[in-house]
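These numbers come from a predicted model, not from an experiment. When a residue number appears, it is its place in the shown sequence, counting from 1. Ligands are counted one by one from 1 in listed order, and the atoms in each one are counted from 1 as well.
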Amino acid sequence: MDANTSFALYAERRARLAALLGPGGIAIVPTAPERTRNRDSEYLFRFDSYFYYLTGFTEPNAWLVITAEGESTLFCNPKDLEREIWDGYRLGPEAAPGALGLHQAHPTPALDSELPKLLENRRTVWFPFAIHAGLEGRIDGWLQKVRTRVRYGALCPDAQRDLCGLLDEMRLVKDAHEIAIMRRAGQISAQAHIRAMQRSAAMIRAGEDVREYHLDAELLHEFRQHGSQYPAYGSIVAAGANACVLHYRADNAPVRDGDLVLIDAGCELDGYASDITRTFPANGKFTGPQRDLYNLVLASQEAAVAATRPGARFIDPHDATVRVLAQGMLDLGLLDKNDVGHLDDVIEQRHYFRHYMHRTGHWLGLDVHDCGSYVEPGEVGTTSERRDPLSGEIIKDRPSRILRPGMVLTIEPGLYVSPAADVPKHFWNMGIRIEDDAVVTETGCELMSRGVPVLADEIEALMRA
Ligand code: GLY
Ligand code: MN
Ligand code: MN
């Protein structure tokens with residue numbers, strides 16, 4: 001994409017947002033703060049996803065203000081040759097309007113003097129609620145300044161509204177530009193998984209001491225080699241029983257001949273996340289019980305993929321997954337029929353939760369757990385109540401989101417078997433998850449992450465290579 005196309009893309013998003021602000025509306029969107037890691041070192045800066053969605057601007061310490069009339073103002077770091085020697089190039093407010101297609105730009109230190117002027121005679125102030133610590137206080141300060149001018153005839157806004165709802169709806173349906181980036185992110189991440197699988201088998205064949213971090217290093221290599229800026233989230237590389245810890249992070253545990261390894265890792269590319277999980281035998285060959293459990297998870301994923309299509313509900317892939325997994329748990333003896341009854345009981349009483357305790361997916365986009373309501377907006381008021389059989393809590397169900405082309409979600413069933421006397425010993429400590437990234441199409445869905453295979457035979461074949 002050339003500069004003008006990308007320029008137009010962000011301008012079009014700002015115009016769409018402006019049209020939603022209502023008469024007299026004004027929106028304030030800061031980027032993320034820089035954060036200290038320890039003493040003089042900072043965490044790698046990552047912009048705020050809402051701010052980036054509307055500007056494509058990646059510098060820290062920046063703010064965007066949009067009026068309902070479509071006027072956009074950027075606040076950004078002023079040019080400062082000394083700071084630029086230390087920290088790098090700054091676009092600066094003089095160049096920003098031309099470079100980003102905005103109406104005007106000011107240096108960020110001018111926020112406190114300019115914002116009261118921008119807020120004067122406005123009716124509704126929109127900003128992201130509960131995301132930026134201290135933002136409400138700053139807006140209060142600017143509104144106080146507007147109030148002091150009421151006696152001169154100025155009008156002070158009389159309403160504040162959460163901007164997240166509007167932006168979440170916009171971000172939920174991805175455009176062609178976003179999907180192209182996400183496809184590429186999926187390809188890079190898929191290659192990274194292949195690389196890690198092959199390294200695992202090669203090291204085990206060579207009799208080397210394989211550690212989880214060796215495989216993590218392969219992922220990072222592949223991400224960066226193809227221009228990804230960083231992992232989209234902390235990579236999970238979990239050998240053996242560690243795979244049963246859902247939020248385990250790549251550490252230094254040994255990867256043993258005979259173990260299964262679960263890798264949940266995806267790169268972030270130009271702001272967009274990918275999110276892939278594969279589970280494979282460390283040595284490249286599934287044992288019988290490993291294959292049985294793996295094929296069950298895969299069958300449940302296939303059912304979920306078939307349920308991911310326009311017009312279906314977000315919850316449908318989850319329900320399809322649970323049905324297959326629950327039946328498999330009964331068939332493989334992970335649940336005892338005498339204790340838990342039949343398939344419908346296992347589902348209704350949530351007995352399956354013992355081995356499958358998470359949802360089958362989430363929205364994916366600029367954030368790995370991307371924004372967007374999981375409830376269909378037109379049906380928010382339709383509720384039904386039920387008592388959760390496990391927690392005893394009353395849960396209010398609202399109709400789940402209807403899937404539409406351009407929505408992107410993960411499909412990630414799993415099975416996690418903790419040791420217990422009533423579970424066949426050959427399944428103990430196995431943790432298996434298979435996760436792919438799906439974009440809803442006109443007729444079904446496209447899996448953007450299948451550059452790394454999922455069939456057990458295909459995984460074995462690539463690990464022999
Ligand atoms: N990697 C985070 C998730 O799968 O939700
Ligand atoms: Mn995920
Ligand atoms: Mn994941």
**Study point:** N, O or S of His369 under 2.8 Å from the Mn ion (ligand 2)
**Key:** no
Review point. Do the rings of Phe127 and Phe129 sit parallel, tilted or perpendicular, given the 30° and 60° boundaries?
Key: tilted
Point to revise | Per-atom contacts of ligand 1 with Glu435, taking only distances under 4.0 Å to non-hydrogen atoms | key: 4 (O)
Practice item. Say whether Tyr416 and Arg433, considering side chains only, have a donor N or O and an acceptor N or O under 3.5 Å apart. Key: yes
Review point. Is the closest basic N to carboxylate O distance between Asp270 and Arg184 below 4.0 Å?
Key: no
Review point. So, does Arg433 sit close enough to ligand 1 that a heavy atom of it is under 4.0 Å from the ligand?
Key: no
Review point. Can you tell me the N, O or S atom of Glu412 that's nearest the Mn ion (ligand 2)?
Key: OE2
Check your understanding: Can you tell me if an N/O/S atom from Asp264 lies under 2.8 Å from the Mn ion (ligand 2)?
Key -> no
Practice item. Number the atoms of ligand 1 from 1 as they appear, then name those within less than 4.0 Å of a heavy atom of Tyr233, with their elements. Key: 1 (N)
Review point. What is the closest protein heavy atom to atom 3 (C) of ligand 1, and at what distance does it sit?
Key: Asp275 OD2, 3.3 Å
Exercise for review: Would you mind running through ligand 1 and noting each atom that sits below 4.0 Å from a heavy atom of His369?
Suggested key: 2 (C), 3 (C), 5 (O)
Review point. Can we call the ring centroids of Tyr356 and His358 under 6.0 Å apart?
Key: yes
Practice item. Indicate yes or no: does Arg199 engage Glu222 in a salt bridge with an N to O separation below 4.0 Å. Key: no
Exercise for review: Return yes when at least one N/O/S atom of Asp275 is nearer than 2.8 Å to the Mn ion (ligand 3), and no when none is.
Suggested key: yes
Exercise for review: Please examine the side chains of Tyr272 and Leu366, heavy atoms only from C-beta on, and report whether any two atoms are closer than 4.5 Å.
Suggested key: yes
Point to revise | Shortest-distance N/O/S atom, Glu435 versus the Mn ion (ligand 3) | key: OE1
Check your understanding: Does NZ or CZ of Arg278 fall inside the cone over Phe280's six-membered ring, less than 6.0 Å from its centre and within 45° of the axis?
Key -> no
